[in-house]
Colleague: 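My questions will all concern the structure given below.
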Number of protein chains: 2
Amino acid sequence: MRNASQNSGAARRAPRRRRGHERVAALLEAAAACFVEKGYDGATMTGIAARAGAAIGSLYQFFPTKEALALALAAAYADALERQLQRLAARSAGWTPEHLAAQLVRLLGAFRRRHPAFAALAEAAATQPALRTLAVRRRLREGLRELLRGHAPGLAEAELQAAAVVVLQLMKAAVALGGEPGLSGRRAALAGLERALALYLADLSRPA
Amino acid sequence: MRNASQNSGAARRAPRRRRGHERVAALLEAAAACFVEKGYDGATMTGIAARAGAAIGSLYQFFPTKEALALALAAAYADALERQLQRLAARSAGWTPEHLAAQLVRLLGAFRRRHPAFAALAEAAATQPALRTLAVRRRLREGLRELLRGHAPGLAEAELQAAAVVVLQLMKAAVALGGEPGLSGRRAALAGLERALALYLADLSRPA
DNA sequence: TTAAAATGTGAGGATATCCTCACTTTTTCT
DNA sequence: AGAAAAAGTGAGGATATCCTCACATTTTAA
């Protein structure tokens with residue numbers, strides 16, 4: 001989990017030695033764990049530092065603000081997700097709508113399972129105006145748009161954009177279902193959402 | 001994180017005179033406004049009391065906790081929504097999937113516009129474990145299940161339940177789109193989501 | 001009228017969080 | 001070795017929130 005992107009919530013002091021980079025990585029990991037357990041608001045800088053085995057001052061050396069910490073994490077997630085989407089797009093030529101839908105749902109679900117803090121941050125972004133800069137959504141939309149371009153050749157640019165928004169919302173719904181605890185019939189519901197996505201994709205590529 | 005009594009959401013002292021009821025109504029309204037402007041976490045009890053023109057002590061007289069306040073608001077919203085869903089179900093016999101989808105999206109969208117705090121609370125419930133008791137989702141699911149029963153007679157009970165979950169998620173997605181600020185092509189995206197819902201509903205009622 | 005019940009008040013205690021800063025320790029480089 | 005740069009430390013200041021409590025005011029009913 002490297003700090004791939006530059007300074008949008010710039011580190012007060014960027015790490016320049018190896019130890020610094022390791023510390024930053026440990027801090028980000030601890031932050032992710034705390035965000036998952038307590039949510040963005042509930043997580044405390046003191047708690048994050050403690051979990052990383054660092055002093056509070058160390059944390060503030062690299063991240064001047066809780067918000068900067070969250071933004072750094074989100075940027076890393078956005079990078080990873082965009083790459084995965086591109087890889088999927090490259091392989092998706094000729095797939096049926098059903099298969100494409102299944103792969104898309106699977107991709108986001110697996111990512112969420114691997115990085116639970118991603119969901120926590122996405123939820124927090126809805127409430128916290130400070131996190132509105134996340135731009136994860138925009139990057140995902142663009143990735144999806146490029147993916148869809150190959151599957152619905154007849155669509156105008158505006159329609160393609162709208163379709164990307166729709167597909168993203170459907171994927172998000174599937175991910176939300178995955179996070180709902182103790183919902184009876186979750187598997188069936190997930191299959192239903194996947195079906196809805198497949199139907200929509202098929203409708204998209206059908207010659208009007 | 002101070003919490004005096006673990007009285008789950010009950011008013012410390014229920015209003016018994018007319019003035020008490022008016023005050024409670026004013027406090028709830030002020031709370032809704034604050035939740036919209038600052039979010040559940042950002043809203044403060046002091047701010048809510050001030051906005052209602054009441055002293056902080058008055059607020060705590062009726063709502064022992066911020067959580068109790070939110071739960072009371074949410075209960076009112078759940079009641080209203082359930083009623084509206086039932087009214088829609090009563091009129092929906094014979095509707096095409098397209099029309100049903102349009103009406104469902106319209107219903108939730110209008111509710112969200114009329115009661116913006118509903119969305120704020122729904123978002124907060126995802127993060128705040130204290131609000132997990134909301135149960136709004138469960139009641140909506142049940143309402144939808146009954147509505148769908150008339151439109152897909154062949155379905156088993158478990159399938160009906162799953163379908164209700166799917167439809168609720170699709171409606172939520174549509175509502176989320178409505179709240180996204182400054183998204184270009186929002187109308188087109190909304191139409192796309194409605195189309196996905198219609199396709200899913202049609203697929204549901206098609207004889208397998 | 002008058003006492004009891006309901007409602008209203010706001011200063012302040014308890015607690016919690018964010019973040020600073022003066023300082024120490026470790027690493028790098030000449 | 002020695003100096004400079006980077007990384008590390010944690011007590012505490014500033015601030016903010018939740019909620020209590022002892023008491024004042026208004027309404028109801030006998």
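What you see is a predicted model, and the numbers here were worked out from it, not measured in a lab. In the text below, chain A, chain B and the rest are named by the order of the sequence lines, each starting its count at 1.
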Colleague: Rounded to whole angstrom units, what separation is found between the CZ atom of A/R13 and the P atom of D/dA5?
Modeller: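 After rounding, the reported distance stands at 11 Å.
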
Colleague: In whole Å, what is the span from the CD1 atom of B/I56 to the C1' atom of D/dT17?
Modeller: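 Between C1' of D/dT17 and CD1 of B/I56: 10 Å.
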
Colleague: Can you find a side chain N or O atom of B/R19 that sits less than 4.0 Å from OP1 or OP2 on C/dA6?
Modeller: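 Looking at the OP1 and OP2 atoms of C/dA6, neither is under 4.0 Å from any side-chain N or O of B/R19.
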
Colleague: Taking atom P of D/dG10 as reference, at what distance in whole Å does atom CG of A/L59 sit?
Modeller: 14 Å

Colleague: If you check the A/A55 side chain, which of C/dA11, D/dG10, C/dT9 turns out closest?
Modeller: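 Nearest nucleotide to the side chain: D/dG10.
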
Colleague: Toward the 5' end of DNA chain C, which comes first, B/R18 or A/T44, by nearest nucleotide?
Modeller: B/R18

Colleague: Taking the side chain from B/H115 and the backbone from B/A32, do they hold a donor-acceptor pair closer than 3.5 Å?
Modeller: no

Colleague: Please determine whether a side-chain nitrogen or oxygen atom of B/R16 lies at a distance below 4.0 Å from atom OP1 or OP2 of D/dT27.
Modeller: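 Answer no for this pair, as no side-chain N or O of B/R16 is under 4.0 Å from OP1 or OP2.
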
Colleague: Decide yes or no for A/V166 and B/R195: does some side-chain heavy atom of the first lie under 4.5 Å from some side-chain heavy atom of the second?
Modeller: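 Answer no - side chains too far apart.
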
Colleague: Round to the nearest Å and state the distance from A/M45 atom CE to D/dG13 atom P.
Modeller: 21 Å

Colleague: Hey, does B/G20 reach any base, or is it just sugar-phosphate, or nothing, if we go heavy atoms under 4.0 Å?
Modeller: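 B/G20: backbone/sugar contact only, no base atoms under 4.0 Å.
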
Colleague: Just how far, in rounded Å, is P of D/dT17 from CG of B/L69?
Modeller: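 Going from CG in B/L69 over to P in D/dT17 covers 16 Å.
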
Colleague: Is B/E157 paired with B/R149 through a side-chain N to carboxylate O contact shorter than 4.0 Å?
Modeller: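 Yes, charged N to carboxylate O under 4.0 Å.
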
Colleague: Do the ring planes of B/Y40 and B/F35 sit parallel (below 30°), tilted (30 to 60°) or perpendicular (above 60°)?
Modeller: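 Rings of B/Y40 and B/F35: tilted, as their planes differ by 30° to 60°.
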
Colleague: With hydrogens left out and only the distance checked, is there a donor-acceptor pair under 3.5 Å joining B/R17's side chain and the base of C/dA5?
Modeller: no

Colleague: Do the side-chain N or O atoms of B/T65 get closer than 4.0 angstrom to the phosphate oxygens (OP1, OP2) of D/dC19?
Modeller: yes

Colleague: Looking for any heavy atom pair under 4.0 Å, which part of the strands does A/R23 touch: base, sugar-phosphate only, or nothing?
Modeller: sugar-phosphate

Colleague: Using a cut-off of 4.0 Å on non-hydrogen atoms, how would the nucleic acid contact of B/S58 be classed: base, sugar-phosphate, or nothing?
Modeller: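 B/S58: base contact, heavy atoms under 4.0 Å.
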
Colleague: Within the 4.0 Å heavy-atom criterion, would you say A/A43 contacts the bases, only the backbone, or no part of the nucleic acid?
Modeller: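 Answer is sugar-phosphate: A/A43 comes under 4.0 Å of backbone atoms only.
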
Colleague: Rounded to the nearest angstrom, tell me the gap between atom CD in B/Q61 and atom C1' in C/dT9.
Modeller: 10 Å

Colleague: Roughly, in whole Å, what's the span from CD1 in A/I48 to P in C/dA16?
Modeller: 17 Å

Colleague: To the nearest Å, give me how far apart CZ (A/F63) and P (C/dT17) are.
Modeller: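 The answer, rounded to whole Å, is 20 Å.
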
Colleague: Assign the ring pair A/Y77 / A/F111 to parallel, tilted or perpendicular, where the plane angle (0 to 90°) is split at 30° and 60°.
Modeller: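 Geometry flag for A/F111 against A/Y77: perpendicular rings.
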
